[in-house]
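Counting starts at 1 for both ligands and their atoms, following the listed order. As the structure is a computational prediction, the values presented were derived from the model and not from experiment.
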Amino acid sequence: MTRICVPVCARGIDEMRDAIARAAEVADTIELRLDCLDDLESASREFGISRTVPEGDVESRAIGRPLILTLRCAEQGGHASVDYDSRRRFWSSVKPPATDCFLDLEYDLVQGLSGTKSFDADWEQIICSHHDFNGVPPDLERIYEAMAATPAGIVKIAVQANDATDCLSVFELLERAQLEDRELIAIAMGPAGIMTRVLGPSRGSFLTYGSLDDESATAPGQVTARELRDVYRIERLDSETKVMGLVGNPVSQSLSPCMHNAAFANADLNSVYLPFQAKDVAQFIRRMVQPRTREVVWNLRGLSVTIPHKSTVMPLLDWIDPIAREIGAVNTIVVQDDRLLGYNTDALGFMTPLLKRFGRFGPVRNARCAVIGAGGAARAALWSLAKEGASAALFARNVEQATVTARDFGVPCYPLSQADFAGFDIVVNATPLGMADATQDITPATAGQLHGVRLAYDLVYNPIETVFLREARAAGCDTLNGIEMLLAQGAEQFKLWTGKEPDTEVMRAAALSRLAT
Ligand code: NAP
């Protein structure tokens with residue numbers, strides 16, 4: 001059984017009750033984070049946790065879900081300013097839990113309480129936990145062995161993943177616990193650890209944690225319980241599941257997991273798509289991807305590749321499609337037997353919506369196109385414009401650097417500052433300017449620079465309405481946002497991985513729903 005545990009953290013009793021009721025809609029197990037409460041004593045009486053309540057029972061009866069009680073001190077990542085003695089006193093005052101109630105006690109407490117008469121809980125219901133918010137400790141195996149030697153029925157180890165490859169230690173622990181027939185919850189926290197939260201239960205983890213909503217995560221990298229169920233379809237995952245994912249840094253803002261998982265679900269495929277945040281792509285490919293060298297047993301079938309790895313990944317592959325080689329960037333990897341094959345679907349993704357949208361003005365091959373930016377997306381755009389027979393020019397902030405790209409595609413290169421696009425039919429923004437972050441209010445071109453242009457094409461897709469597109473509309477241009485390219489390149493990736501045609505409307509709806517929230 002896949003257990004999704006939703007931690008609830010609230011300062012007041014009423015808020016806590018409300019959060020429990022909401023959590024019950026999506027959780028298999030609910031964790032009451034007692035450390036969040038302002039008044040622990042009153043709450044303990046109210047929820048029937050305290051021994052002083054003779055007939056009371058913990059909230060679990062009322063909500064019909066197994067419960068975990070946790071009082072995490074600040075030093076171990078929680079909210080409570082309680083010292084060791086206060087924690088010990090608190091747990092000694094707690095009623096022995098019913099069968100559907102677990103107590104999460106940190107390792108130091110488990111050591112202190114085991115064998116004492118004042119603590120008479122059923123040890124099978126005790127979760128002995130250890131958290132490391134800095135990274136993966138070098139002595140992780142030893143920590144696990146020490147915790148496994150306590151009387152606690154369940155061991156929980158949460159470490160911080162600073163890179164996707166840090167998840168390997170968590171997978172190793174889960175494998176070992178299964179061999180030893182021991183209940184283990186093992187998690188890598190942080191955005192780089194998301195794969196352990198999604199794949200953990202299918203690799204033997206006793207449970208996984210999912211937050212109530214985006215705002216109420218109780219640990220870094222926690223995804224919502226609804227996402228675990230609806231996007232990653234966690235209950236369906238098993239050792240046969242085909243794994244695909246996005247490798248880059250960062251990857252947390254990407255719409256690709258939403259889009260590809262929706263397409264997999266719609267096609268009823270036992271496949272999942274995960275974010276892999278990796279700083280060092282060579283290490284990631286060697287240790288987790290290449291079947292000849294990888295250190296994890298999984299059914300990994302393919303990857304999307306994004307910033308900053310599209311070029312650096314190329315020497316690590318066994319074969320590269322000639323188009324990707326000409327562009328100088330790979331955004332898709334297919335794992336075929338023990339070979340890694342590289343493709344570029346950005347070029348096709350760029351041109352497919354452009355051909356549709358520009359059609360009303362005439363053929364793209366007759367158009368004069370300005371491409372702003374000189375990175376991977378600009379290279380894919382320049383390659384496909386050249387293939388289409390259109391003329392192009394490059395505009396960049398750093399002309400000296402961009403000249404290399406311009407020379408590769410035989411196009412002129414101009415400084416972006418004070419550019420006038422009046423003589424162009426199509427202007428493409430292939431920079432990240434306008435993306436939903438610090439540059440959201442910045443445009444690479446103003447309305448004044450865009451007068452006379454027929455179509456402004458922004459490769460940025462989040463937000464859908466960028467300042468660049470607003471400026472373009474003010475100048476009377478038609479506009480095209482980056483969602484269409486995202487869908488077209490994603491559909492091509494889906495075909496390469498599965499050999500099937502995806503339903504692009506399903507992918508579109510999934511991507512847009514993510515943008516709307
Ligand atoms: P990249 O390889 O990092 O290249 C980014 C380019 O933008 C570089 O030439 C960079 O110039 C330039 N740039 C960055 N900040 C700038 C600024 N403040 N002013 C002027 N130029 C600036 O990235 P990429 O892969 O080409 O991606 C570019 C954009 O396209 C991203 O927003 C990405 O999300 C989007 N994209 C969308 C899709 C899609 O499916 N819709 C697909 C691929 C990419 P320097 O070299 O001087 O830093």
Side-chain angles (χ1 to χ4, degrees), residues 246-256 258-260 281 304-314 324 327-332 343-354 357 370-384 394-406 408-409 411 413-419 427-446 449 457-464 466-469 479-494 504 507-508 511-512 514-515:
L246 170 68
V247 59
N249 188 26
V251 289
S252 50
Q253 295 305 316
S254 172
L255 298 185
S256 293
C258 223
M259 184 175 83
H260 281 298
V281 74
S304 308
V305 185
T306 189
I307 296 174
H309 302 318
K310 284 184 185 181
S311 306
T312 43
V313 81
M314 293 176 74
I327 294 169
V330 159
N331 79 328
T332 310
Y343 298 87
N344 187 305
T345 67
D346 278 339
L348 183 135
F350 169 81
M351 189 50 76
T352 306
L354 182 58
R357 182 57 72 90
V371 175
I372 308 174
R379 294 184 70 90
L382 289 171
W383 183 90
S384 48
L394 199 61
F395 290 81
R397 64 173 170 186
N398 184 340
V399 175
E400 203 180 326
Q401 204 178 303
T403 304
V404 180
T405 303
D408 284 349
F409 296 94
V411 300
C413 184
Y414 306 106
L416 176 59
S417 54
Q418 285 135 33
V427 177
V428 178
N429 174 32
T431 76
L433 285 176
M435 256 168 78
D437 59 14
T439 66
Q440 182 152 355
D441 299 328
I442 307 177
T443 178
T446 60
Q449 293 171 285
Y457 184 3
D458 202 339
L459 305 194
V460 172
Y461 53 76
N462 187 9
I464 295 178
T466 58
V467 196
F468 173 63
L469 295 184
T479 58
L480 180 57
N481 68 40
I483 279 285
E484 299 307 321
M485 173 172 173
L486 178 78
L487 290 170
Q489 64 79 29
E492 197 58 20
Q493 293 184 321
F494 185 98
T504 47
M507 295 170 90
R508 180 194 309 278
L512 292 177
R514 187 70 196 179
L515 282 181

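Not one N or O on the side chain of Gln440 forms a donor-acceptor pair closer than 3.5 Å with the backbone of Pro463. Under a 3.5 Å cut-off, the side chain of Thr345 and the backbone N or O of Gln489 do form a donor-acceptor pair.
In this pair, His260 and Phe494 present their aromatic rings parallel. The plane angle is below 30°, not in the 30 to 60° band.
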Between ligand 1 and the protein, which N/O pairs are shorter than 3.5 Å?
{"unit_1": "ligand 1", "atom_1": "2 (O)", "unit_2": "Gly376", "atom_2": "N", "d": "3.0"}
{"unit_1": "ligand 1", "atom_1": "9 (O)", "unit_2": "Ala374", "atom_2": "N", "d": "2.8"}
{"unit_1": "ligand 1", "atom_1": "9 (O)", "unit_2": "Gly375", "atom_2": "N", "d": "3.3"}
{"unit_1": "ligand 1", "atom_1": "18 (N)", "unit_2": "Arg397", "atom_2": "NH1", "d": "3.3"}
{"unit_1": "ligand 1", "atom_1": "26 (O)", "unit_2": "Gly376", "atom_2": "N", "d": "3.1"}
{"unit_1": "ligand 1", "atom_1": "26 (O)", "unit_2": "Ala377", "atom_2": "N", "d": "2.7"}
{"unit_1": "ligand 1", "atom_1": "40 (O)", "unit_2": "Leu486", "atom_2": "N", "d": "3.2"}
{"unit_1": "ligand 1", "atom_1": "41 (N)", "unit_2": "Leu459", "atom_2": "O", "d": "2.9"}
{"unit_1": "ligand 1", "atom_1": "41 (N)", "unit_2": "Gly482", "atom_2": "O", "d": "2.9"}
{"unit_1": "ligand 1", "atom_1": "46 (O)", "unit_2": "Gln401", "atom_2": "NE2", "d": "3.2"}
{"unit_1": "ligand 1", "atom_1": "47 (O)", "unit_2": "Arg397", "atom_2": "NE", "d": "2.9"}
{"unit_1": "ligand 1", "atom_1": "48 (O)", "unit_2": "Arg397", "atom_2": "NH2", "d": "2.8"}

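You'll find the side chain of Val427 stays beyond 4.5 Å of the side chain of Gln449, heavy atoms only.
The number of heavy atoms from other shown groups lying within 6.0 Å of CD (Gln253) does not exceed 12.
Paired with Leu246 under the rule side chain to side chain contact (heavy atoms under 4.5 Å, CB included), one option of Val305, Asn331, Thr306 passes, and it is Thr306.
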